[in-house]
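Structure record follows, encoded as structure tokens.
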Amino acid sequence: MTTVDVDVAVVGAGPIGLAAAIDARLAGLSVVVIEPRSFPIDKACGEGLMPGAVAALARLGVHPEGAAIAGFRYVDATRSAEHRFARASGLGVRRTALHDALAARGDELGIERIDARVTELVQHAEGVTVGDVRASWLFACDGLHSTVRRMVGLERPASGGVDRRRFGLRRHYAIEPWTDLVEVHWVADAEAYVTPLAEGLVGVAVLGRPRTDFDEVLSQLPELSDRLRGSHPVDSLRGAGPLRQRSTARSAGRVLLLGDASGYVDALTGEGIRVGLAHARAAVGAIGGEGARQAAAYDREWSRVSRDFRVITSVLLAAAQSPLRPLIVPAARAMPALFGAAVERLAR
């Protein structure tokens, strides 16, 4: 096979991989995306794009179709608290629709895709070789269980002790959305996220411990169960996890980790896509610099653009896994300014 020489090789063609490839191409760099899965690529997720993510996609020339999201509503058995975004709206987008929009933009820009699985990676002073691809830089965008992260020695093993792993489950229902808010329904040991996605379509995602039963969680949510009664699922249940993933660093030589591959806290705040898009922009900006400090520049910018997400999500997750869990919705209702400030901070 003919060797491909490019400025950037992107491993993984999920939303962040495609966005990173588009960003690099718009910066005038040559790019190839390496991905073994067929398109469109689906994944279990909440499918809500925050306003900052919508704006970041628009900067790339990507405008997926979906349902407007005006904010968040937290709900437990007796109370609710909601906050509507102060400025721009978010967007509920089915994962496959988002992937289609990104893939179409990549095709428009002439980004080459190679159907292959990464099984070896060799770094040298001037770049990285992956199979038949030689690149000056490699962006690892291959998700929670990143093969590249492990290959370059940046995998951080899970800590021992109490099993606090969390997993996500998702299913779509053929029903007209009843709100323009993302609803987060809280029960004792799980949350159900309800996202309007399109006319006649709603997504329901459940986050919980290992072996969480999707239908059992819904049975504990009478308000949501009543809403869904009479509708039917349009697809099978899809899962993802464990959600908590850690890396020892975000770069190794000329390999940069982006999105979930760089480490992930939890899906509680729905910020995975927005933060991953910020990683993509930071990576392209860093390799466009001069000298030997490009990877270090990415590490610093990664920390900056990830900080709010990681701090707020970590605090909320700690509360959700502690005796304080039953107080989360009452606290949000009792302190609307604080709840709203946290939502707005994440929505940027």
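The first residue of the sequence shown is numbered 1, and numbering continues consecutively from there. Reckoned from all heavy atoms, side chains included, excluding hydrogens, waters and symmetry mates.
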Next on the checklist: With salt bridge (charged side-chain N to carboxylate O under 4.0 Å, His left out) as the criterion, how do Arg307 and Glu271 come out once you've worked through the C-alpha distance, each side chain's angles and the decisive distance to 0.1 Å?
Outcome noted: CA-CA 12 Å; Arg307 187 175 299 116; Glu271 283 296 280; over 6 Å; no

Next on the checklist: Run the side-chain contact (heavy atoms from CB on, under 4.5 Å) test on Val133 and Ile114 for me, step by step, so that the C-alpha distance in whole Å, both residues' side-chain angles and the decisive distance to 0.1 Å come before the verdict.
Outcome noted: CA-CA 9 Å; Val133 176; Ile114 294 178; 3.5 Å; yes

Item to check | Stepwise side chain to side chain donor-acceptor pair (under 3.5 Å) test for Ser247 and Arg250 | outcome: CA-CA 7 Å; Ser247 60; Arg250 265 53 64 186; 3.2 Å; yes

Checklist entry - Going through the checks in order, is the salt bridge (charged side-chain N to carboxylate O under 4.0 Å, His left out) test met by Arg274 and Asp308? => result CA-CA 12 Å; Arg274 182 190 68 83; Asp308 286 351; over 6 Å; no

Checklist entry - When you look at Asp215 and Arg171, which way does the side-chain contact (heavy atoms from CB on, under 4.5 Å) test go after all the steps? => result CA-CA 11 Å; Asp215 293 321; Arg171 182 180 282 159; 3.4 Å; yes

Checklist entry - What's the verdict on side-chain contact (heavy atoms from CB on, under 4.5 Å) for Arg105 and Leu102, showing C-alpha distance, side-chain angles and the deciding distance? => result CA-CA 5 Å; Arg105 180 60 169 148; Leu102 284 159; 5.8 Å; no

Item to check | Candidate pair Arg84 and Asp180, rule salt bridge (charged side-chain N to carboxylate O under 4.0 Å, His left out), full reasoning | outcome: CA-CA 10 Å; Arg84 292 180 174 268; Asp180 58 358; 3.1 Å; yes

Next on the checklist: Val118 vs Met151, test: side-chain contact (heavy atoms from CB on, under 4.5 Å). Steps then yes/no.
Outcome noted: CA-CA 10 Å; Val118 173; Met151 283 182 169; 3.9 Å; yes

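Ser89 places no side-chain N or O within 3.5 Å of a backbone atom of Ala68 that could act as its donor or acceptor partner. Side-chain atoms of Gln123 do not come within 3.5 Å of backbone N or O of Thr129 as any donor-acceptor pair. For the pair Ser322 (side chain) and Ala319 (backbone), a donor-acceptor distance under 3.5 Å is present. For Arg149 (side chain) and Ala261 (main-chain N/O), a donor-acceptor pair under 3.5 Å exists by modelled atom type. One N or O on the side chain of Arg254 and one on the backbone of Ser136 form a donor-acceptor pair closer than 3.5 Å. At least one donor-acceptor pair under 3.5 Å links the side chain of His99 to the backbone N or O of Ala13. The closest donor-acceptor contact from the side chain of Ser314 to the backbone of Val311 lies at 3.5 Å or more, if one exists at all.
Counting heavy atoms from C-beta outward, Val234 and Leu201 have side chains that approach closer than 4.5 Å. Two residues are said to be in side-chain contact when any heavy atoms from C-beta on lie closer than 4.5 Å; His279 and Val305 meet this criterion. Side-chain contact between Arg165 and Arg244 is absent, with no heavy atoms from C-beta onward closer than 4.5 Å. Under the 4.5 Å side-chain criterion, counting only non-hydrogen atoms from C-beta, Gln245 is in contact with His145. Using a 4.5 Å heavy-atom threshold, the side chains of Leu109 and Leu26 count as touching. Taking the side chain as every heavy atom from C-beta outward, Leu121 and Leu138 approach each other to under 4.5 Å. Two residues are said to be in side-chain contact when any heavy atoms from C-beta on lie closer than 4.5 Å; Val75 and Val329 fail this criterion. Side-chain contact between Leu91 and Ile69: absent, with no pair of heavy atoms (C-beta onward) separated by less than 4.5 Å.
Residues Glu216 and Arg209 are not paired through a salt bridge, judged by the lack of any N-O separation under 4.0 Å between the basic side chain and the carboxylate. The pair Asp115-Arg37 does not count as a salt bridge, with every side-chain nitrogen at least 4.0 angstrom from each carboxylate oxygen. Here Asp260 pairs with Lys43 in a salt bridge; the nearest charged N to carboxylate O distance falls below 4.0 Å.
Remark: Ser219 OG to Asp213 CG distance equals 8.0 Å, nearest 0.5 Å. Here the CZ atom belonging to Arg94 is positioned 7.0 Å from the CG atom belonging to Asp42, to the nearest 0.5 angstrom. Note: Leu257 CG to Glu155 CD = 10.0 Å, rounded to the nearest 0.5 Å. Here the CZ atom belonging to Arg25 is positioned 7.5 Å from the CD1 atom belonging to Ile111, to the nearest 0.5 angstrom. Put simply, OG1 on Thr313 and CG on Asp266 are 7.5 Å apart, with the number rounded to the nearest 0.5 Å. The OG atom of Ser146 sits 15.5 Å away from the OH atom of Tyr264 when rounded to the nearest 0.5 Å.
Within 6.0 Å of CD in Glu108 there are more than 12 heavy atoms belonging to other residues, nucleotides or ligands. The 12-atom threshold is exceeded at CZ of Arg156, counting heavy atoms of other residues, nucleotides or ligands nearer than 6.0 Å.
Cluster partners of Val217, by chain and number: Leu169, Tyr173, Ile175, Trp178, Val187, Val194, Val202, Val204, Val206, Phe214, Leu218, Leu221, Leu224, Leu228, Leu237. The rule joins Ile, Leu, Val, Met, Phe, Trp and Tyr whenever side-chain heavy atoms lie under 4.5 Å apart.
In terms of hydrophobic clustering, with Ile, Leu, Val, Met, Phe, Trp and Tyr side chains grouped at heavy-atom distances under 4.5 Å, Val31 and Leu256 are assigned to a common cluster. Taken together through direct or relayed side-chain contacts under 4.5 Å among Ile, Leu, Val, Met, Phe, Trp and Tyr, Leu207 and Val265 form part of one hydrophobic cluster. If you chain together hydrophobic residues whose side chains sit under 4.5 Å apart, Leu144 and Ile273 never meet in one group. Using a 4.5 Å cut-off between side-chain heavy atoms of Ile, Leu, Val, Met, Phe, Trp and Tyr, with links allowed through other members, Val8 and Val284 fall into the same hydrophobic cluster. Grouping the Ile, Leu, Val, Met, Phe, Trp and Tyr side chains by contacts below 4.5 angstrom, directly or via other members, places Val184 with Val343.
The shortest non-hydrogen separation linking Asp100 to Pro40 is OD1-CB, 3.4 Å. Here the closest heavy-atom approach between residue Thr212 and residue Ala190 is recorded as CG2-CB, 4.5 Å. Residue Leu98 comes nearest to Pro64 through the heavy atom pair CD1-CG, 4.2 Å, listed as atom of the first residue, atom of the second, then distance. The two residues Phe85 and Ala347 come nearest to each other via the heavy atoms CE2-CB, 3.7 Å. Counting all heavy atoms, side chain and backbone alike, Ala44 lies closest to Gly168 at CB-O, 4.3 Å.
A donor-acceptor contact under 3.5 angstrom links the side chains of Asp299 and Ser251, judged on distance only. At a cut-off of 3.5 Å, with distance as the only test, a side-chain donor of Asp7 or Ser30 sits close to an acceptor on the other residue.
Applying the side chain to side chain donor-acceptor pair (under 3.5 Å) rule to pairs touching residues 184-193 yields Arg166-Glu191, Glu183-His185, Glu191-Arg325, sequence neighbours excluded.
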Report, one line per pair, each donor and acceptor closer than 3.5 Å where one atom sits in a side chain of residues 47-60; sequence neighbours left out.
| from | atom 1 | to | atom 2 | distance (Å) |
| --- | --- | --- | --- | --- |
| Glu47 | OE1 | His172 | NE2 | 2.7 |
| Glu47 | OE2 | Arg95 | N | 2.7 |
| Glu47 | OE2 | Arg170 | NH1 | 3.4 |
| Glu47 | OE2 | His172 | NE2 | 3.3 |
| Arg59 | NH1 | Asp23 | OD1 | 3.4 |
| Arg59 | NH2 | Asp23 | OD2 | 2.8 |

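The aromatic ring centroids of Tyr74 and Phe339 lie less than 6.0 Å from each other.
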